[in-house]
Amino acid sequence: MTRLELAPTGIYSFEETSRRLTQFEKSAYQERDGRLVRTLCIGAKPIAVELWWTGNALAVEIGEDLSPIEMEELTKILRRMFSLDVDLTPFYHRIDGDPDLGQLVRERRGLHVVLDASPYECLIKTIVSQQLNLSFAGTLIRRLIEISGERLSHRGEELLVFPTPAQIAKLSYEDLQQLQFNRRKAEYVIDLSRNVVDGSLDLGKLESLSDDEIVKKMLPLRGVGRWTIECLLLFGMGRPDLFPAADIGLRNALRKVYGTVEQPSEEEVRRLGEAWSPWRSYAVFYLWDYLSTTKKSS
DNA sequence: GGCCAGGCTAGCA
DNA sequence: TGCTAGCATGGC
């Protein structure tokens with residue numbers, strides 16, 4: 001057995017941060033005895049990790065012994081995924097005086113973005129989610145993992161591991177259509193995975209590129225539009241200054257914040273966003289959270 | 001029952 | 001180059 005404690009940099013609320021995981025990431029995170037349980041891959045080796053908060057650090061427990069190199073890798077993965085090194089102090093200073101966003105940001109103090117385990121996982125989940133309500137999107141993602149992902153036994157329970165590109169590449173379009181994917185979406189997900197497998201798409205190379213370079217590189221891929229790339233940059237790579245101005249959820253959130261009847265246009269949203277640079281990703285993230293935690297009205 | 005979902009592509013003008 | 005129907009189904 002291995003145990004770690006990872007302290008955050010700056011203000012961090014695990015309560016706020018994990019709330020979203022149990023609400024929107026049910027296919028990846030499960031709650032067991034006050035801990036979050038999920039699978040992760042260290043290199044190619046899948047392991048089950050249990051996570052909880054000690055009061056000032058993220059505690060991690062793994063049911064097996066890891067080598068020092070694996071420990072180092074796991075630490076790196078978790079610090080990145082849970083944004084433990086993202087100090088939000090400058091963001092809070094920037095937003096505190098904002099008459100419209102100030103309050104909703106204060107109410108979520110310490111809420112951090114939790115990244116997907118890899119850019120590939122993020123891309124697949126984002127493509128599946130396009131144009132669907134989040135609840136149904138979650139159902140489709142779970143079904144995809146169930147038919148193609150590996151199983152891992154943990155405390156007498158079976159946990160699912162997010163499939164590798166090779167595992168999804170092996171599926172047929174009809175396999176996914178049977179899960180209620182539409183034909184095109186089935187093609188996007190499988191074709192993209194096949195591109196990763198045959199080496200024509202190297203997602204590992206994205207890390208060294210700028211946001212704009214990544215947009216240029218990814219846009220020609222079928223099924224990948226601007227919104228999808230913005231989500232990849234935000235939730236797959238943790239880039240801090242993304243603003244998906246066309247996003248319907250963001251526009252709904254802003255309509256609610258400003259109490260307007262009509263949704264703001266993409267252009268208006270973009271202009272509003274400029275005030276929150278270079279922290280636009282967190283402004284969007286808090287607005288999305290605001291939208292999903294307040295009742296729908298008008 | 002109808003319209004909208006944290007979009008995107010292909011086909012048409 | 002710009003516009004829009006169609007997608008597959010759940011949720012409200």
Side-chain angles (χ1 to χ4, degrees), chain A residues 19-21 23-28 101 104 108 111 113-116 121-144 147 171-193 195 201 215-239 242-257 261-270 272-273 276 280-298:
Chain A
R19 167 174 58 74
R20 286 185 62 83
L21 299 178
Q23 185 179 2
F24 296 113
E25 299 289 336
K26 285 182 193 152
S27 64
L101 260 66
L104 74 90
R108 290 164 178 74
L111 169 66
V113 171
V114 176
L115 304 187
D116 287 306
E121 179 176 330
C122 181
L123 257 183
I124 296 296
K125 284 156 78 171
T126 306
I127 291 172
V128 173
S129 304
Q130 286 166 1
Q131 164 60 17
L132 299 177
N133 65 71
L134 292 181
S135 157
F136 183 48
T139 303
L140 292 186
I141 289 165
R142 181 174 47 74
R143 288 177 185 165
L144 173 65
I147 63 156
L171 299 174
S172 68
Y173 304 139
E174 290 74 19
D175 288 335
L176 293 191
Q177 285 180 281
Q178 282 180 0
L179 306 183
Q180 295 176 301
F181 281 59
N182 68 41
R183 175 74 184 194
R184 278 213 211 133
K185 199 165 280 199
E187 291 171 4
Y188 300 158
V189 166
I190 291 174
D191 291 350
L192 185 132
S193 302
N195 287 340
L201 176 62
V215 170
K216 258 186 220 145
K217 191 178 166 70
M218 300 296 289
L219 215 43
L221 294 172
R222 239 178 122 242
V224 177
R226 175 165 284 273
W227 176 85
T228 301
I229 303 169
E230 287 168 334
C231 287
L232 167 69
L233 288 163
L234 210 167
F235 290 112
M237 307 182 68
R239 300 284 171 106
L242 265 295
F243 208 65
D247 178 82
I248 198 78
L250 174 59
R251 291 168 62 193
N252 280 332
L254 288 169
R255 181 168 64 115
K256 194 170 285 214
V257 168
V261 178
E262 296 291 324
Q263 268 183 6
S265 70
E266 185 177 339
E267 199 42 51
E268 288 168 323
V269 173
R270 212 173 284 288
L272 285 169
W276 306 314
R280 280 178 285 196
S281 294
Y282 268 88
V284 177
F285 184 56
Y286 276 57
L287 281 162
W288 274 337
D289 190 60
Y290 167 72
L291 186 67
S292 60
T293 51
T294 50
K295 278 187 191 162
K296 285 204 171 168
S297 59
S298 66

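Only a predicted model underlies this, so the values are computations on that prediction, with no experimental measurement involved. Numbered from 1 within each chain, the chains take letters A, B, ... in sequence-line order.
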>> What's A:Val284 touching, base or sugar-phosphate or nothing? Going by heavy atoms closer than 4.0 Å.
In response: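 A:Val284: no heavy atom of the nucleic acid under 4.0 Å.
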>> Base, sugar-phosphate or nothing for A:Arg143? Non-hydrogen atoms, less than 4.0 Å.
In response: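 Nothing, no nucleic acid heavy atom in range.
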> A:Arg184 has a side chain; which of B:dT9, C:dA8, C:dG10 sits nearest to it?
Replying inline: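 My answer, after comparing the listed nucleotides, is B:dT9.
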> If you check every side-chain atom of A:Trp227, which of B:dG7, C:dG10, B:dA10 has the closest atom?
Replying inline: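 Closest of the options to the side chain of A:Trp227: B:dG7.
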If the cut-off is 4.0 Å, is [X] near the phosphate of [N], judged by side-chain N/O to OP1 or OP2?
X	N	value
A:Asn182	B:dC8	no
A:Arg222	B:dA10	yes
A:Thr139	C:dG10	no
A:Gln131	B:dA5	no
A:Ser135	C:dG11	yes

Do [X] and [Y] come close enough that some side-chain heavy atom pair is under 4.5 Å?
X	Y	value
A:Glu25	A:Arg20	no
A:Val224	A:Tyr188	no
A:Ile124	A:Leu192	yes
A:Phe181	A:Ile190	no

> B:dC3 pairs with which nucleotide, Watson-Crick or G-U wobble, both distances below 3.5 Å?
Replying inline: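 Its partner is C:dG11.
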> With A:Val189, which of A:Leu171, A:Leu176, A:Leu123, A:Leu140 fulfils side chain to side chain contact (heavy atoms under 4.5 Å, CB included)?
Replying inline: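 Among A:Leu171, A:Leu176, A:Leu123, A:Leu140, the one meeting side chain to side chain contact (heavy atoms under 4.5 Å, CB included) with A:Val189 is A:Leu176.
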Say you pick atom [atom1] in [N] and the same atom in [M]; how far apart are they, in whole Å?
N	M	atom1	answer
C:dG6	B:dC3	C1'	15 Å
C:dT4	B:dC4	P	15 Å
C:dA8	B:dG11	P	15 Å

> Would A:Phe136 count as stacked on C:dG11 if the rule is ring centres under 5.5 Å and plane angle under 30°?
Replying inline: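 Given the distance and angle limits, no, they do not stack.
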>> On the side chain of A:Asn133, is there an atom forming a donor-acceptor pair with the base of C:dG10 - under 3.5 Å, no angle test?
In response: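 Pair found.
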